[in-house]
Amino acid sequence: MDFLDALPRFAFLQHALLAGVLAGVACGVVGSFVVVRRITSIAGAIAHCVLAGLGAARWLQVVHGQAWASPMLGAVAAALTAAVLIGVISLRAKEREDTLIGALWAVGMAVGILFIARTPGYDQDLMSYLFGNILLVRGSDLWLMLVLDVVVVVLCIALYPQLQAVCFDEEFARLRGLHVELYYLLLLGLTALTVVLLVTVVGIVLVIALLTLPAAIAGQLTSTLRGMMAAAAALSIAFTITGLAVSYGPDLPAGATTIVIAGLAYLGVLALRRLIGAARASRAH
Amino acid sequence: MSAPVIELEGVSFAFDGRHPVLSDVTLAVEPLSFACMIGPNGGGKTTLLKLILGLLEPSTGRIRVLGTSPQRARHRIGYMSQHATLDRAFPVRVLDVVLMGRLGPRRVAGPFDRADLAAATGTLELVGLAGWERRPFADLSGGQRQRVLLARALTSSPELLLLDEPASGLDQKVERDFFDLLLELNRSTTVVLVSHDLGFVQSFVRSVICVHGTVDVHPTNQLDGNTIRELYSGEVRMVRHDHSE
C-alpha cells in the first residue's frame, strides 16, 4: 500500500511522522553544535551507552515488576550519566580522551546486552533498540519526546551566544569570564537528550549519522550557526519522512532507509560543490 | 602616578615542576605604555602571556594585573588571539565574532541587545571594516581576520590590550596600517603585544620585553645588535623597515 494512502488511516504512521518531526528539530539544533565543536565520537559513545539504560529499564520492568522503569526513562538516565562521565573525563584527561571514550562506548553497550540477556523473551527488543523502529512509537512516547525537544531548544536559544562563543574560541570565551567547563557539560547533556530522541527514530547504531549528516550538509549551505541549525532541522525532518515513505511500500527498515538517503544527499551536495568550484576555477582562467 | 598595569614579582613557572620555562621574572608595565614581548621560540613568550591572563598559575611569585589578580582582571583585558588557531570552517559572520567580545560573567542568558550591537558596529568601523558585519568570517583574508579579532578585543572597552602575534601573516602594507591603528588606540589604552619578529618592533613600540627564560626590559632606542644576538644566540635577522608617515 502507498504511504500517502496509509497515512490518514493508521495512527502508528501518524505517530511515526510526528516522532520524525520532533526528533528532527533537536537533531538540527544540537547536531550543528556537535559538528562545529567536533564531538561526534563523544555523541557516538553516549548513544551506545543508551543501550545500558534501555536494557536495565526493561529488566527492572519484566523481571522485578517495576512498571515505572520505562525504556525511555532508562535511556535518558543512561545518556545523561554517560555525558557527565565523558565530560569529566575529557576535561581531566585530555591526552587519553579517545581511548576512554572508546572504552565507555563498548562497556555501555556490553552492560545493555547483559541486562537484555537476563530479561526472558525480550531478545527482539535488541534489534529495535539498535536499529530503531519508528513504527513502534506510542502516543506516550511522543509526549516525552515533546518535553525533551522543548528543553533542548529553549536552552539552546537562551544560551546561543555563550554556546557559540565556547564552540568557536574556547580560550577567548574563558577570558571573557564564561564558565567554559559548565557550558561544555551542558552541551554534552543536550547531546545526550537529543541522542535519546533520535534512538527512537533510527536506533543506537545509526544515531551518529542522523545527528551529523544534516548538520554537515547545512554547514555547506549557510554562513551562520543559527542558519545551519534551521537548515539541519529541516533536512533531518525531510530525511526521516522520506525514509518513512520510501521504506513503507517495500517493507524495508525505516531507520536504515533514512540513513542511506541522508548519506546520498551528503555525497550529492559534496559532489555539487566540487563541480561548482571546478566551474568557477575554469572560468577564472 | 598610577600603579603599573601589569606587575610581576619573582615569578617562576614550570610545566613539569622541574624545568622552569620562566624563572624569577620581575616586570612592570606602566599605564599607556606600548610594549612588545620578543624572544626565541620556546623562550616563554606565550607562557608569560598566559600567566598574565591567569590561564596558568605561577609556581612562585606574584602577578597583579590592573591592580588585582589576573582572574579578576580578565574581563577588563582585550585579548587578541592568533587567527590561525581558529577553525576556518566554522559558520560565523564578522558581527557574530565581534559580539563575542561583549560576553561576560554578568550576562546570564538571552540575545545581545542594542548597546552590544552599537559597540560591535562601532569597533568594526574603528578597525576599518565598517559595513562588513554580514560577511562570513571564513571568507576574509588574513589581515581582515586580524582586524576582526582586534575589533572583538576592543568591543568591551578594555583597559589593557594584549595581542598575540598580531602581525603574523600580514603583508608589509597591511602590517603598517595595523600598527598605525594600534598607535592610535595606545592614546587611551595600554598595549602589550607578542612577536617573534623584530622587524616592526623598533619603529613602533617604546619598550621591548625580552623573554628568554628570564625577562629583561629595554627601551627601544637602547636596543642594539648585541642585546639581540644575546637574546636569539645570533640567529635573528635584524631587519629595520623604517616607518614613514
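Throughout, protein chains are lettered first and strands after them, A, B, ... in sequence-line order, and every chain is numbered starting at 1. The structure displayed is predicted, hence computed values, not measured ones.
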Any sub-3.5 Å donor-acceptor pair from [X]'s side-chain atoms to [Y]'s backbone N or O?
X        : Y        : answer
B:Glu133 : B:Gly131 : yes
B:Arg102 : B:Ala119 : no
A:Ser236 : A:Pro214 : no
B:Arg74  : B:Gly54  : yes
A:Arg176 : B:Gly101 : yes
B:Lys45  : B:Gly39  : yes
B:Thr123 : B:Ala120 : yes
B:Thr155 : B:Ala151 : no

Highest number of heavy-atom pairs under 4.5 Å with chain B: which of [options]?
options                               : value
A:Met228, A:Arg38, A:Gln162, A:Arg226 : A:Gln162
A:Ala165, A:Cys167, A:Pro161          : A:Pro161
A:Leu159, A:Leu175, A:Val35           : A:Leu175

Contact part of [X] toward chain B, heavy-atom cut-off under 4.5 Å: side chain, backbone, both or neither?
X        : value
A:Phe172 : side chain
A:Arg174 : both
A:Glu171 : side chain

Go through the atoms of [X] and report whether side chain, backbone, both or neither lie under 4.5 Å from a heavy atom of chain A.
X        : result
B:Tyr79  : both
B:Leu53  : both
B:Arg134 : neither
B:Leu55  : side chain

Original post:
Strictly by modelled atom types, are B:Glu57 and B:Gln71 linked by a side-chain donor-acceptor pair under 3.5 Å?
Top reply: yes
Original post:
Among side-chain atoms of B:Glu30 and B:Ser33, is any donor-acceptor pair under 3.5 angstrom?
Top reply: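 Side chains of B:Glu30 and B:Ser33: no pair found under 3.5 Å.
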Subject >> Residues of residues 178-202 of chain A contacting chain B, heavy-atom criterion under 4.5 Å, by residue number >> reply: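 Contacts with chain B: A:Leu178, A:Tyr183.
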Original post:
When rounded to the nearest 0.5 angstrom, what distance separates CE in B:Met100 from CG in B:Leu95?
Top reply: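 Here the rounded value is 10.5 Å.
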